[in-house]
2 protein chains.
Amino acid sequence: MSTPKPEATLAVNGSLPRHRRTYSIGELARMFEVTPRTIRFYEQEGLLAPERRGQTRIYHEKDRVRLKLTLRGKRLGFSLAEIREVIEMYDAMPDGNARQLRRLLEILADKRNNMERQLEDIRLMQRELDDVEMRAREVLERLAVTD
Amino acid sequence: MSTPKPEATLAVNGSLPRHRRTYSIGELARMFEVTPRTIRFYEQEGLLAPERRGQTRIYHEKDRVRLKLTLRGKRLGFSLAEIREVIEMYDAMPDGNARQLRRLLEILADKRNNMERQLEDIRLMQRELDDVEMRAREVLERLAVTD
DNA sequence: CAACCACTTTACGTTAACGTCAACGTCGTC
DNA sequence: GACGACGTTGACGTTAACGTAAAGTGGTTG
């Protein structure tokens with residue numbers, strides 16, 4: 001704050017460098033197609049910790065990334081508790097003791113296994129879908145012909 | 001059917017051809033590491049429809065396969081309702097009308113998209129895990145050295 | 001200034017997917 | 001014939017992840 005600019009509080013905030021932008025809860029909600037309620041809930045569960053300007057929450061890049069990762073984790077079937085565990089350990093990493101770090105590596109390995117199984121599941125499921133789709137198309141063909 | 005065999009009702013059921021075996025609810029539960037309660041619940045939700053011998057349920061290969069597919073679907077984050085929808089349509093396929101079949105194809109396409117996104121999510125998540133793991137290992141290294 | 005947003009907290013409601021418990025029937029066996 | 005293992009129905013409990021409604025705050029806009 002060495003150069004007191006004419007407080008451009010009303011700036012549209014559109015052309016700022018990515019990491020200096022801030023977001024309201026509503027903006028963030030629209031970006032990720034969730035409700036504000038969801039975002040507040042994630043905070044309550046310890047997944048987010050936005051800055052506060054008075055009452056209102058102010059989200060920075062860091063928060064946006066966290067939300068993104070959280071939602072990705074959810075799509076992969078992780079519970080919020082699991083996601084929080086990883087996030088907490090990640091935050092505590094720099095000054096984490098060896099035991100904690102090993103625990104973190106354990107968790108990561110676990111997630112990895114999980115995803116390997118998911119990959120296999122997806123492959124199998126895709127075959128099933130192929131199969132079902134083929135049969136469905138066959139039946140449709142017959143209908144078209146005999147009509 | 002044509003050759004009436006001496007009803008081996010008490011047979012241990014171990015060396016029978018796969019598709020003739022039957023299972024109790026407990027067996028099935030152990031096979032898939034779920035509780036009987038879960039299996040009954042799936043039936044109640046229309047995902048299974050085992051034969052009945054008196055009171056007790058008797059599961060055939062078909063039921064086992066369905067359960068397997070159901071659990072796989074669950075691991076991929078599908079709701080029981082979604083899974084049921086596909087199963088029902090699949091069952092109704094032979095005499096399904098064109099509209100239903102098209103609807104089925106729609107659903108399948110939808111699931112496919114879902115899985116594509118999941119694949120992408122998994123790739124991204126794996127990178128994150130790689131990253132976090134690397135940092136964790138670095139910190140551990142330092143601890144080992146400075147100790 | 002009134003009206004209107006967007007945001008806040010508090011609190012109770014809801015849904016999916018089971019868990020748990022009670023009370024009972026049916027075998028095989030010791 | 002008591003016992004234990006397994007099965008049944010029915011009903012209520014539980015947890016996660018939000019939804020929803022009420023009531024208030026703070027800024028700007030006609």
Counting any heavy atom closer than 4.0 Å, what does A:Arg53 reach on the DNA or RNA strands: base, sugar-phosphate only, or nothing? nothing
Of the candidates C:dC7, D:dG19, D:dA11, the side chain of A:Ser24 sits closest to C:dC7
Can B:Asp131 and B:Arg135 be counted as an ion pair, charged N to O under 4.0 angstrom? yes
Hey, does the side chain of A:Thr56 come within less than 4.0 Å of D:dG26's phosphate (OP1/OP2), counting only N and O? no
Checking contacts here: which listed nucleotide (D:dA11, D:dC18, D:dG7) is nearest the side-chain heavy atoms of B:Arg37? D:dA11
What integer distance in Å separates A:Glu45:CD from D:dA17:P? 7 Å
Would you please confirm or rule out a distance under 4.0 Å between OP1 or OP2 of C:dC18 and any side-chain N or O of B:Tyr42? yes
What is the separation between atom CD1 on B:Ile39 and atom C1' on D:dG7, rounded to the nearest whole Å? 13 Å
Minimum-distance nucleotide to B:Thr38 side chain [options: D:dT8, C:dC18, D:dC18]: C:dC18
For the pair made of CZ in B:Arg52 and P in C:dG25, what is the distance, rounded to whole Å? 17 Å
Would one find a side-chain N or O of B:Lys74 under 4.0 angstrom from OP1 or OP2 of C:dA16? no
Please report, rounded to the nearest Å, how far the P atom of C:dC7 is from the CD atom of A:Glu51. 16 Å
Rounded to the nearest angstrom, tell me the gap between atom CG in B:Leu47 and atom P in C:dA17. 9 Å
Less than 4.5 Å apart, side chain to side chain, heavy atoms only: is that true for B:Asn97 and A:Leu143? no
Tell me which one of B:Arg66, B:Arg37, B:Arg52 satisfies salt bridge (charged side-chain N to carboxylate O under 4.0 Å, His left out) with B:Glu43. B:Arg52
Taking the side chain of B:Leu80 as its heavy atoms from C-beta onward, which of D:dA17, D:dG7, C:dA17 lies nearest to it? C:dA17
Between A:Arg84 (CZ) and D:dT15 (P), how many Å, whole number? 15 Å
Going by an N to O cut-off under 4.0 Å, is there a salt bridge joining B:Glu51 and B:Arg53? yes
State plainly whether the residues B:Lys74 and A:Asp121 are in salt-bridge range, i.e. N to O under 4.0 Å. no
What nucleotide, of C:dC7, D:dC18, D:dT8, holds the atom closest to the side chain of B:Arg40? D:dT8
Taking atom P of C:dT8 as reference, at what distance in whole Å does atom CD of A:Gln44 sit? 14 Å
Taking the side chain of A:Ile25 as its heavy atoms from C-beta onward, which of D:dC18, C:dC7, D:dG7 lies nearest to it? C:dC7
Can you tell which of D:dG7, C:dC18, D:dC18 lies closest to the side chain of B:Phe41? C:dC18
